[in-house]
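Working notes for the structure below.
Note that the structure is a prediction, hence the values are computed from the model and not measured.
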Amino acid sequence: SELANIRKTLEGVQGELKEAEDINATHNADIAELNKAIAAAKNEGEVLDGEIAQARKEEQKSQSMVNTAKINLLEVAENIKARRRANKRLSEQMAEKKTEVEHRAKKPQRRVR
């Protein structure tokens with residue numbers, strides 16, 4: 001009778017042990033899944049970090065191109081201003097020459113004998 005009680009208790013403990021082992025196996029599987037998810041997230045994070053770094057490089061490159069374009073436009077604008085000033089001076093000189101020539105044409109010519 002006492003032996004039967006011990007057997008029942010032992011069977012109960014074995015049942016609980018089996019249940020605990022099943023729960024432990026389920027938890028271990030869940031942990032493995034979580035570790036996979038963590039590894040995938042880390043990998044995705046590294047990929048995103050790479051993409052961000054690449055985007056920053058491209059942004060710097062395009063900003064550099066914009067700055068170069070601005071400098072080129074400023075140089076073109078300066079060249080245009082310089083040409084306009086030169087054209088204005090040339091027009092003034094031509095006007096002076098024209099006036100000079102017209103003035104000379106109005107003077108009576110001396111005849112050499």
Side-chain angles (χ1 to χ4, degrees):
S1 175
E2 196 175 327
L3 192 58
N5 285 340
I6 291 172
R7 273 199 185 121
K8 270 188 180 177
T9 303
L10 183 59
E11 285 171 8
V13 169
Q14 285 175 331
E16 288 175 17
L17 180 61
K18 174 72 175 118
E19 196 177 321
E21 285 173 347
D22 290 347
I23 291 170
N24 191 38
T26 301
H27 286 171
N28 285 343
D30 289 346
I31 288 168
E33 283 298 313
L34 287 173
N35 284 337
K36 280 184 192 173
I38 289 168
K42 280 183 182 175
N43 190 39
E44 183 67 20
E46 288 171 5
V47 168
L48 289 174
D49 286 345
E51 289 175 0
I52 290 168
Q54 184 62 34
R56 284 188 177 137
K57 277 185 196 172
E58 289 173 13
E59 181 187 12
Q60 287 173 345
K61 188 176 177 182
S62 66
Q63 188 59 51
S64 174
M65 289 168 72
V66 166
N67 291 343
T68 300
K70 283 180 181 176
I71 290 168
N72 290 342
L73 284 173
L74 289 172
E75 288 175 359
V76 167
E78 285 302 314
N79 286 340
I80 289 170
K81 287 178 189 173
R83 284 183 184 162
R84 284 182 179 159
R85 286 191 299 269
N87 286 343
K88 187 176 178 186
R89 277 195 305 271
L90 191 60
S91 293
E92 289 168 354
Q93 288 171 354
M94 288 174 69
E96 286 174 16
K97 282 280 184 198
K98 183 180 176 190
T99 304
E100 206 176 284
V101 167
E102 286 172 352
H103 186 67
R104 252 193 263 142
K106 286 180 185 175
K107 281 186 180 177
Q109 298 289 317
R110 278 198 230 156
R111 297 190 182 221
V112 179
R113 288 186 199 189

At what distance, to the nearest 0.5 angstrom, does [atom1] of [X] lie from [atom2] of [Y]?
X: N5; Y: L10; atom1: CG; atom2: CG; value: 12.5 Å
X: L17; Y: E11; atom1: CG; atom2: CD; value: 13.5 Å
X: E16; Y: I23; atom1: CD; atom2: CD1; value: 10.5 Å
X: R7; Y: T9; atom1: CZ; atom2: OG1; value: 12.0 Å
X: K98; Y: M94; atom1: NZ; atom2: CE; value: 9.0 Å
X: E78; Y: I80; atom1: CD; atom2: CD1; value: 10.0 Å

Beyond-backbone contact of E96 with T99, side-chain heavy atoms, under 4.5 angstrom: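 A side-chain contact is absent here, since even the closest heavy-atom pair is not under 4.5 Å.
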Minimum side-chain heavy-atom gap K88-E92 below 4.5 Å: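 Yes - at least one pair of side-chain heavy atoms lies under 4.5 Å apart.
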Set of side chain to side chain contact (heavy atoms under 4.5 Å, CB included) partners for R56, sequence neighbours left out: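 Listed in chain order: I52.
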Q60 backbone acceptor or donor facing S64 side chain under 3.5 Å: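 Side chain of S64 to backbone of Q60: no pair is present.
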Q54 and E58 side chains, donor-acceptor separation under 3.5 Å: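 Note: E58 and Q54 side chains meet the donor-acceptor criterion.
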Side chains of N79 and E75, donor plus acceptor under 3.5 Å: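 Absent: no donor and acceptor within the cut-off.
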Listed partners of E102 passing side-chain hydrogen bond (donor to acceptor under 3.5 Å, both in side chains), at least two apart: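 With neighbours one apart ignored, the set is empty.
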Residue pair K42, E46: steps toward the salt bridge (Lys or Arg N to Asp or Glu O under 4.0 Å) verdict: CA-CA 6 Å; K42 280 183 182 175; E46 288 171 5; over 6 Å; no
Single hit among N24, T26, D30 for side-chain contact (heavy atoms from CB on, under 4.5 Å) with N28: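 When side-chain contact (heavy atoms from CB on, under 4.5 Å) is applied between N28 and each of N24, T26, D30, only N24 qualifies.
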